[in-house]
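Everything numeric here is computed off the predicted structure, so don't read it as measured data. The chains referred to below are lettered A, B, ... by the order of the sequence lines, with proteins before strands, and numbering in each begins at 1.
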Protein chains: 2
Amino acid sequence: MQIIIMSRRERAPKQRVVLEAIQGHTDHPTAEELYRELNKQGHAISLATVYRNLRALAQEGKVRELHGAGPDRFDPNTHPHYHLLCLACGRVYDVETPYQNALDHLPLPPGFHVHRHELTFMGLCPKCEETASL
Amino acid sequence: MQIIIMSRRERAPKQRVVLEAIQGHTDHPTAEELYRELNKQGHAISLATVYRNLRALAQEGKVRELHGAGPDRFDPNTHPHYHLLCLACGRVYDVETPYQNALDHLPLPPGFHVHRHELTFMGLCPKCEETASL
DNA sequence: CTATTTGCAAACACTTTGCACAGCA
DNA sequence: TGCTGTGCAAAGTGTTTGCAAATAG
């Protein structure tokens with residue numbers, strides 16, 4: 001059990017708000033998307049603060065940054081896991097497949113050391129598979 | 001010795017120059033790096049043209065675009081293969097490991113279709129493994 | 001002559017930063 | 001008081017684009 005005593009207000013309220021917002025997502029939102037969502041919900045917060053807190057949370061290991069074409073996306077799921085990028089719409093989905101530890105122990109040229117790997121499947125999502133011309 | 005006969009001039013000379021330049025690399029250069037290299041070698045070419053031709057070559061499948069933190073990188077090796085990103089210096093290396101076809105046939109929720117996958121190992125390169133504080 | 005390619009500079013998309021102020025200890 | 005967090009606008013980085021000039025067919 002944990003007892004939390006706050007002397008009244010908290011230290012970095014916007015960071016908590018950003019973290020809670022992204023934790024409500026499985027769809028890997030961009031900073032801009034979170035910013036718009038928060039303001040729509042009545043939280044007065046600037047885009048710069050959303051960026052600052054997302055990057056800070058990433059440093060602390062509480063969210064993960066995803067790079068690709070277009071703006072960076074953020075993932076509240078920090079467990080090792082994989083993604084599927086829809087080649088038609090650009091959305092990023094989580095993939096349940098267990099982390100393939102073996103891949104981190106493949107033989108490599110001397111001097112190289114693998115900490116972990118990232119695996120992204122490229123394909124089509126249900127929403128796009130019919131429409132797809134690609 | 002090489003004898004070159006051209007019917008006079010060619011269609012998109014700068015594109016050929018860009019392609020040849022990147023084909024001389026295994027280190028996944030950025031557009032800026034290629035631009036500087038070419039001009040150093042005496043080819044008058046603009047950065048915009050380097051970008052335009054790299055993107056065009058990518059569409060034609062003659063080079064591959066790599067996204068990550070910082071500027072996009074370009075890879076003349078279009079065969080399916082993997083990369084190692086050095087977490088210390090940011091350089092990207094090719095990894096010889098054979099393409100794991102099995103990964104493209106893992107069970108997924110209905111409606112998802114995998115075309116291929118991209119796998120990036122994160123770790124340290126020989127140049128950084130000693131220096132590494134990370 | 002018409003279509004394509006290029007350079008240049010401007011525009012653009014995304015992200016970070018300087019600074020002044022507000023909030024908390 | 002002094003340190004941290006925030007907003008705002010400006011600056012920064014990486015990339016694309018409009019347009020006119022050059023070049024190819």
Would you say A:Arg55 and A:Phe74 make side-chain contact, with heavy atoms under 4.5 Å? yes

Just verifying a value: how many Å separate A:Thr97 OG1 and A:His81 NE2, rounded to the nearest 0.5 Å? 11.5 Å

Please state how far atom OH in B:Tyr35 lies from atom P in C:dT6, giving the value in whole angstrom units. 15 Å

Taking CG from B:Leu19 and P from C:dT5, how many angstroms apart are they, rounded to a whole number? 15 Å

Taking DNA chain D as the partner, which of residues 43-66 of chain B come within under 4.0 angstrom of it by heavy atom? B:Ala48, B:Tyr51, B:Arg52, B:Arg55

Between P on C:dC24 and CZ on A:Arg16, what's the gap in Å once rounded to a whole number? 12 Å

Rounded to whole Å, CD of A:Glu33 lies from P of C:dC14 at a distance of 10 Å

Does B:Gln15 reach a base, just sugar-phosphate, or nothing at all? Heavy atoms under 4.0 Å. sugar-phosphate

Any side-chain N or O of B:Lys14 under 4.0 Å from OP1/OP2 of D:dT23? no

Show the nearest heavy-atom pair for residues B:Val18 and B:Val50, with the distance to one decimal. CG2-CA, 4.3 Å

Nearest non-hydrogen partners of B:Cys125 and B:Cys86, listed with the distance: N-SG, 3.4 Å

Determine whether B:Gln100 and B:Tyr82 satisfy the following criterion, side-chain contact (heavy atoms from CB on, under 4.5 Å), listing intermediate values before the conclusion. CA-CA 10 Å; B:Gln100 314 277 311; B:Tyr82 302 140; 3.4 Å; yes

Whether the A:His25 and A:Glu33 side chains hold a donor-acceptor pair (N or O, under 3.5 Å, no angle test) is what I'd like checked. no

